[in-house]
K.L.:
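Got a structure here, written out as structure tokens. Questions coming.
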Amino acid sequence: GVRVRYSWETPVLGSAGGPARALPLLARAGEPNPVFLIVNGDTLTDVDVAALVRDHERHGALVTMAAVPNIEPQKYGGILATDDGVVTGFVGRGSAQPSFHFIGVQVANGLAFARVPSGTPYESVGALYPALIAERRGAVRVFTTMAEFLDIGTPADYLETALLVAAGEGGGASSDRIHLEGGAVVERCVLWDDVVVGPGPTLHECVFADGTRVPSDTSWRG
């Protein structure tokens with residue numbers, strides 16, 4: 001029963017240009033500046049969305065970003081914020097400054113994207129949000145949480161996340177609709193629907209998409 005509408009981008013318009021282009025899909029009569037969620041497609045998290053929205057509305061921010069303490073600064077850039085949640089800036093990967101790690105869920109007011117040039121690639125953290133911060137203290141806020149965060153933005157991250165979720169559910173990371181012939185060795189792999197593995201292959205830390213045919217007596221790693 002869910003209705004899905006798409007906002008096509010050519011070229012890809014970035015983390016600010018994309019939402020700006022999609023605004024006409026969200027605006028309603030009498031409400032030209034809607035408040036809406038932006039959720040990254042390459043992350044999994046159990047963040048309390050209702051609490052995030054309440055925090056955003058309570059403080060009157062233009063953007064509120066859900067974040068956890070950044071414990072992997074060598075892998076992820078971070079958000080700099082005051083003790084009361086006001087975002088003051090951003091740091092790149094490898095920074096020694098204590099920061100927060102954005103977990104891919106944020107609430108935004110349509111007004112935040114008013115300055116974004118139409119049809120032009122434009123980034124939020126790299127361009128838009130620093131401009132909003134410079135204009136008004138508290139325009140961008142951070143909602144700190146200890147929610148679980150799993151990255152699926154690369155094949156390696158997807159593999160690790162699928163295996164972790166499968167272990168938590170007490171099962172394997174493979175579809176029931178697969179066919180394994182005798183002698184196959186399958187270690188730390190994800191197999192989607194209708195995968196056929198011939199006799200004798202060795203498979204280690206791989207992802208096999210729908211309908212893959214794995215030849216006999218071959219070896220596949222990573």
Side-chain angles (χ1 to χ4, degrees), residues 1-15 17-19 21-22 25 37-49 65-78 92-94 101-106 121 123-126 145-222:
V2 175
R3 182 184 185 191
V4 178
R5 291 191 288 175
Y6 294 88
S7 175
W8 301 106
E9 303 172 18
T10 304
V12 174
L13 298 176
S15 55
R21 181 179 178 85
L25 299 181
L37 287 163
I38 303 175
V39 182
N40 290 2
D42 61 354
T43 59
L44 297 177
T45 179
D46 59 357
V47 64
D48 187 336
V49 174
M65 308 171 74
V68 297
N70 190 1
I71 60 174
E72 295 184 273
Q74 298 306 313
K75 183 177 181 180
Y76 299 109
R93 188 167 36 187
H101 176 201
F102 173 53
I103 58 175
V105 182
Q106 55 188 318
E123 296 300 324
S124 53
V125 169
T145 175
M146 295 307 293
E148 186 175 22
F149 166 79
L150 299 172
D151 196 339
I152 55 172
T154 67
D157 284 335
Y158 167 78
L159 174 64
E160 290 299 328
T161 294
L163 294 172
L164 180 64
V165 171
E169 295 178 347
S174 299
S175 166
D176 293 332
R177 291 168 45 187
I178 60 173
H179 179 73
L180 294 176
E181 297 193 17
V185 178
V186 181
E187 301 172 327
R188 290 178 49 80
C189 290
V190 175
L191 283 71
W192 294 4
D193 287 340
D194 304 318
V195 173
V196 176
V197 181
T202 298
L203 317 176
H204 181 74
E205 294 191 341
C206 297
V207 178
F208 295 93
D210 290 349
T212 302
R213 300 294 188 266
V214 182
S216 304
D217 298 316
T218 54
S219 179
W220 303 86
R221 302 180 66 87

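Residue numbers start at 1 and run along the sequence shown.
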K.L.:
Is the backbone of G211 close enough, under 3.5 Å, to the side chain of R213 for a donor and an acceptor to pair up by distance?
P.N.:
yes
K.L.:
Are V190 and L159 packed together at the side-chain level, in the sense that at least one heavy-atom pair is separated by less than 4.5 angstrom?
P.N.:
yes
K.L.:
Which heavy atom of P11 sits nearest a heavy atom of P121, and at what distance?
P.N.:
CG-CG, 4.1 Å
K.L.:
If you take all heavy atoms of A184 and V197, which pair is closest and at what distance?
P.N.:
CB-CG1, 3.9 Å
K.L.:
Using a strict 4.0 Å threshold on nitrogen-to-oxygen distance, state whether E72 and R93 make a salt bridge.
P.N.:
no
K.L.:
Nearest heavy-atom pair of E181 and G198: which atoms, and what distance?
P.N.:
CB-C, 3.8 Å
K.L.:
Out of L164, L163, V165, which one pairs with T161 under the side-chain contact (heavy atoms from CB on, under 4.5 Å) rule?
P.N.:
V165
K.L.:
Do D194 and D210 have side chains that get closer than 4.5 Å, going by heavy atoms?
P.N.:
no
K.L.:
If you measure from CZ on R221 to CZ on R188, what distance do you get to the nearest 0.5 Å?
P.N.:
11.0 Å
K.L.:
May I have all residue pairs that pass ring-ring contact (aromatic ring centres under 6.0 Å, His included) and include part of residues 149-187, sequence neighbours excluded?
P.N.:
H101-F149
K.L.:
Can you list the residues that meet the side chain to side chain donor-acceptor pair (under 3.5 Å) rule with T10, with sequence neighbours excluded?
P.N.:
none
K.L.:
Please determine whether side chain to side chain contact (heavy atoms under 4.5 Å, CB included) holds for the pair F208 and I178, giving the CA-CA distance in whole Å, both sets of side-chain angles, and the decisive distance to 0.1 Å.
P.N.:
CA-CA 11 Å; F208 295 93; I178 60 173; over 6 Å; no
K.L.:
Give the minimum heavy-atom separation between V125 and M65, together with the two atoms involved.
P.N.:
CG2-CE, 4.3 Å
K.L.:
Spell out, as yes or no, whether a donor-acceptor pair under 3.5 Å connects the side chain of R21 to the backbone of L13.
P.N.:
no
K.L.:
With rounding to the nearest 0.5 angstrom, report the CH2 to OG1 distance, W192 to T212.
P.N.:
9.0 Å
K.L.:
For C206 and G222, work out which heavy atoms get closest and say how close.
P.N.:
SG-N, 3.6 Å
K.L.:
Hey, does the side chain of N70 reach the backbone of Y76 with a donor-acceptor pair shorter than 3.5 angstrom?
P.N.:
yes
K.L.:
Can you see which heavy atom on R5 is nearest to which on L25, and at what distance?
P.N.:
NH2-O, 2.6 Å
K.L.:
Mind checking the NE2-SG spacing from H204 to C189? Nearest 0.5 Å is all I need.
P.N.:
8.0 Å
K.L.:
Report the distance from atom CG of D151 to atom CG of D157, rounding to the nearest 0.5 Å.
P.N.:
4.5 Å
K.L.:
Which residue pairs pass the side chain to side chain donor-acceptor pair (under 3.5 Å) test with at least one member in residues 38-48, sequence neighbours excluded?
P.N.:
none
